[in-house]
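Read the numbers this way: they start at 1 and go in the same order the structure lists the ligands and their atoms.
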Amino acid sequence: MPQTPMTIAVDGPSGSGKSSVSRAVARELGLGYLDTGAMYRALAWWCLDQGVDLSDEAAVAQAAADLPLTISTDPDAPHVRVGDVDVTDAIREDRITGQVSAVATNLDVRAELRRRQRLIIEEQRGTTGGVVAEGRDLTTVVAPDAELRVLLTASEEARLARRATERHGAADAVTLAATRDLVLRRDREDSTVSTFLEATDGVVTVDTSALTFEEVVAALLALARGEVRPDAAAGTPHTP
Ligand SMILES: Nc1ncnc2c1ncn2[C@@H]1O[C@H](COP(=O)(O)OP(=O)(O)OP(=O)(O)O)[C@@H](O)[C@H]1O
Ligand SMILES: Nc1ccn([C@H]2C[C@H](O)[C@@H](COP(=O)(O)O)O2)c(=O)n1
């Protein structure tokens, strides 16, 4: 546990490696891990389960206010529950991935989930000593005062290949085409309400396109431990 509380905020587009890298960094530093995308996914799941029309903005905002969500911050045992239902796996299904942006672009929903995210971050700072929190608006809106803010990027090609390999075991013409919509359309829609394609002032950009997973984790750990000076200039790429 760090001597002074530490929040590491990580943003980036789909497939840049936010979830997997943030979880590994949290584990290594003994911090909590907060997957904010899972909160938007859980709300989408609940709306569909309750028969709420995702295009009815007022109804979806009300669902966000009522959402009986429990999310684990243990990087070794991530789980998400809505009421008594464990939705950890269900929220990763394509039907949720394909529709979650409708929920995530609702501004009332964002206000409510950000409120909950800030509470979790504060709670983690007082218990485990901090948290690695990842999503699309952590560095800019949810935790702009985080001790370390990182934007993970990767080329479109690299991101599609990673997701295709994860979903289908290979990145060929067919699997890349099947993955394209779930990655690129979603980023297009999500970027209408958040800034995660370019770094804002003071956010360190790590381009992961040509880095292995282990190299990206090592780069973030070096930044967190102060072994590498985060260049305060906006969007300065970091090369480990
Ligand atoms: N540097 C890397 N090189 C190769 N594969 C990677 C790298 N980083 C992550 N991956 C793999 O890429 C896939 C996507 O990573 P991850 O789920 O962490 O991305 P993400 O940014 O959280 O995406 P999303 O926002 O869609 O949830 C995973 O299968 C992960 O293991
Ligand atoms: N802070 C966040 C986190 C996530 N979202 C949106 C973007 C995605 O479409 C969806 C699920 O995120 P993922 O699990 O794929 O990272 O939630 C957001 O708008 N803001």
Original post:
Pick one: which of T195, L151, V10 meets side-chain contact (heavy atoms from CB on, under 4.5 Å) with V203?
Top reply: L151

**OP:** With sequence neighbours left out, write down each residue that passes side chain to side chain contact (heavy atoms under 4.5 Å, CB included) with A161, or none if nothing qualifies.
**Re:** A171

**OP:** Using a strict 4.0 Å threshold on nitrogen-to-oxygen distance, state whether R185 and E189 make a salt bridge.
**Re:** yes

Original post:
Under a 4.0 Å heavy-atom cut-off, what residues line ligand 1?
Top reply: P13, S14, G15, S16, G17, K18, S19, S20, R136, R162, R163, E166, R186, L211, T212, F213, V216

**OP:** Give the cluster check for V100 versus L54: same hydrophobic cluster or not, with ILVMFWY residues linked at side-chain heavy-atom distances below 4.5 Å.
**Re:** yes

Subject >> D35 and its salt bridge (charged side-chain N to carboxylate O under 4.0 Å, His left out) partner, picked from R41, K18, R92 >> reply: R92

Original post:
Any luck finding a side-chain donor-acceptor pair between D74 and S72 under 3.5 Å?
Top reply: no

Subject >> Given S191, S14, S101, the one that forms side chain to side chain donor-acceptor pair (under 3.5 Å) with R186 >> reply: S14

**OP:** Could you please spell out the steps behind the salt bridge (charged side-chain N to carboxylate O under 4.0 Å, His left out) verdict for R116 and E112?
**Re:** CA-CA 7 Å; R116 297 190 192 208; E112 169 59 17; 2.8 Å; yes

**OP:** With sequence neighbours excluded, give me every side-chain hydrogen bond (donor to acceptor under 3.5 Å, both in side chains) pair touching residues 134-143.
**Re:** D11-T139, S19-E134, Y33-E134, R110-D137, R114-D137

Original post:
What residues come within 4.0 Å of ligand 2, counting heavy atoms only?
Top reply: T36, G37, Y40, R41, R92, V100, S101, A104, R110, G135, R136, D137, L138, R186, D190

